[in-house]
Visitor: 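Let me begin by handing over the structure; questions about it come next.
All figures in this text were calculated on a predicted structure; none of them were measured in a lab.
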Amino acid sequence: MASETVLVDEITYPSKITTTKPLSLLGYGLNDMVIHFLQVKFYTIGVYLDPEVVGHLQQWKGTPAKELEEKDDFFDALISAPVEKAIRLVVMKEIKGAQYGVQIETAVRDRLVNDDKYEDEEEAALEQVVEFFQSKYFKKNSVITFHFPANSPTAEIVVSLEGKEDTKFVVENANVVETIKKWYLGGSGAISPSTISSLASNLSEELSK
């Protein structure tokens with residue numbers, strides 16, 4: 001029997017979550033930074049995927065994990081595979097929602113500008129995301145979940161704060177949604193190398209079955 005939970009740093013993640021169907025934890029890691037020789041851990045990341053994703057990645061069957069890690073086209077295929085995905089962040093270092101909102105805004109805007117996809121609609125959608133996070137305060141163990149349905153260009157963001165009801169926001173701009181996925185899952189351009197390494201390792205194993 002596979003373990004019911006996975007420890008990511010000191011945070012416990014369920015090995016499966018059920019949204020419309022069961023999703024498996026196929027990648028995890030940290031968003032951290034070394035500041036003056038000290039490792040500062042901001043949040044852990046868990047990537048849940050519909051196991052059917054493996055069917056969309058067959059051309060990489062037999063590729064060693066280390067090689068997959070370097071292949072951005074593999075991660076592009078993972079991002080565009082028409083299966084349900086969820087990314088769960090658990091906060092380790094307290095942060096104001098406004099600060100996290102600015103991080104998302106900067107990361108997404110820079111990538112969209114780079115891809116020549118940053119128009120008024122994208123700007124407006126990003127402003128709404130920033131506004132959603134603005135008033136929140138993330139203590140340790142607060143949870144932010146991005147849920148990407150299988151065949152929809154939308155994303156639902158769910159914030160779970162201790163002692164409060166979950167709050168939700170739906171991002172409807174396809175370019176912004178795609179770029180949030182790239183921020184977390186986009187191979188060499190992603191925010192967390194440890195998460196990319198873990199995805200490569202677990203998906204390589206799934207592909208070899």
Visitor: Could I get the full list of ring pair (Phe, Tyr, Trp, His ring centres under 6.0 Å) partners for F74, not counting sequence neighbours?
Guide: W60
Visitor: Tell me, with the steps shown, if L199 and L185 meet side-chain contact (heavy atoms from CB on, under 4.5 Å).
Guide: CA-CA 9 Å; L199 275 169; L185 307 176; 3.9 Å; yes
Visitor: Is any side-chain N of the basic residue among E10 and K140 closer than 4.0 Å to the acidic one's carboxylate O?
Guide: yes
Visitor: Run the side-chain contact (heavy atoms from CB on, under 4.5 Å) check on I45 and I87 step by step: do they pass?
Guide: CA-CA 7 Å; I45 301 168; I87 299 169; 4.0 Å; yes
Visitor: Do we get K136 above F132's six-membered ring, with its NZ or CZ under 6.0 Å from the centre and within 45° of the axis?
Guide: yes
Visitor: Report the C-alpha separation of Y48 and L26 in whole Å, then their side-chain angles, then the decisive distance to 0.1 Å, and conclude whether the side-chain contact (heavy atoms from CB on, under 4.5 Å) test is met.
Guide: CA-CA 6 Å; Y48 290 90; L26 286 172; over 6 Å; no
Visitor: Got a second to check how far L203's CG is from L57's CG, nearest 0.5 Å?
Guide: 6.5 Å
Visitor: When you look at CZ of F133, are more than 12 heavy atoms from neighbouring residues, nucleotides or ligands closer to it than 6.0 Å?
Guide: yes
Visitor: Do other residues, nucleotides or ligands put more than 12 heavy atoms under 6.0 Å from the CD atom of Q39?
Guide: yes
Visitor: Please say yes or no: joined through hydrophobic side-chain contacts below 4.5 Å, possibly via intermediate residues, are I11 and V6 part of one cluster?
Guide: yes
Visitor: What distance do F42 atom CZ and K93 atom NZ have between them, rounded to the nearest 0.5 Å?
Guide: 7.0 Å
Visitor: Report yes or no: do E162 and S142 form a side-chain donor-acceptor pair below 3.5 Å?
Guide: no
Visitor: If you measure from OG1 on T195 to CG on N31, what distance do you get to the nearest 0.5 Å?
Guide: 8.5 Å
Visitor: Out of curiosity, D50 CG to L23 CG, how far, rounded to the nearest 0.5 Å?
Guide: 6.5 Å
Visitor: Which heavy atom of K41 sits nearest to which heavy atom of D32, and what is that distance?
Guide: CA-CB, 3.9 Å
Visitor: For residues A200 and L68, report the shortest heavy-atom separation together with the two atoms involved.
Guide: O-CD1, 3.7 Å
Visitor: For the residue pair E70 and K66, what are the closest heavy atoms and their distance?
Guide: CG-O, 3.5 Å
Visitor: Mind running side-chain hydrogen bond (donor to acceptor under 3.5 Å, both in side chains) on D9 and T44 for me, showing each step along the way?
Guide: CA-CA 7 Å; D9 213 79; T44 54; over 6 Å; no
Visitor: For the CD atom of E52 and the OG atom of S24, what is their distance to the nearest 0.5 Å?
Guide: 11.0 Å
Visitor: What distance separates D76 CG from K71 NZ, expressed to the nearest 0.5 Å?
Guide: 12.5 Å
Visitor: Scan the side chains in residues 115-123 for donor-acceptor partners under 3.5 Å anywhere in the protein, sequence neighbours excluded, and list what turns up.
Guide:
| residue | atom | partner | partner atom | Å |
| --- | --- | --- | --- | --- |
| E122 | OE1 | E119 | N | 3.0 |
| E122 | OE2 | N173 | ND2 | 3.2 |
| E122 | OE2 | N175 | ND2 | 3.0 |

Visitor: Restricting to side-chain contact (heavy atoms from CB on, under 4.5 Å), what partner residues turn up for S160, sequence neighbours left out?
Guide: V143, V158, D166
Visitor: Look at the side chain of K85 and the backbone N and O of I79, then say whether any donor-acceptor pair between them is shorter than 3.5 Å.
Guide: yes
Visitor: With a 3.5 Å cut-off and sequence neighbours excluded, list the donor-acceptor pairs that the side chains of residues 94-109 form with protein atoms.
Guide:
| residue | atom | partner | partner atom | Å |
| --- | --- | --- | --- | --- |
| E94 | OE1 | Y137 | OH | 2.7 |
| Q99 | OE1 | K96 | N | 3.0 |
| Y100 | OH | Y184 | OH | 2.8 |
| T106 | OG1 | V102 | O | 2.8 |

Visitor: Quick one: do H147 and T19 satisfy side-chain contact (heavy atoms from CB on, under 4.5 Å)? Show the steps, please.
Guide: CA-CA 9 Å; H147 176 242; T19 46; 3.8 Å; yes
Visitor: Partners of Y13 by ring pair (Phe, Tyr, Trp, His ring centres under 6.0 Å), sequence neighbours excluded?
Guide: none
Visitor: Tell me if the CD atom of Q58 is crowded by more than 12 foreign heavy atoms within 6.0 Å.
Guide: yes
Visitor: So, using side-chain contact (heavy atoms from CB on, under 4.5 Å) as the criterion, who are the partners of E131 when residues are at least two apart?
Guide: none
Visitor: What heavy-atom pair brings A65 and S201 nearest, and what distance separates the two atoms?
Guide: CB-CA, 3.6 Å
Visitor: Between T12 (side chain) and L7 (backbone), is there a donor-acceptor pair under 3.5 Å?
Guide: no
Visitor: Can you name the nearest heavy-atom pair linking S192 to L30, along with the distance?
Guide: OG-O, 2.7 Å
Visitor: Hey, are K61 and E206 close enough for a salt bridge, meaning a charged N less than 4.0 Å from a carboxylate O?
Guide: no
Visitor: Nearest heavy-atom pair of I191 and P193: which atoms, and what distance?
Guide: O-CD, 3.6 Å
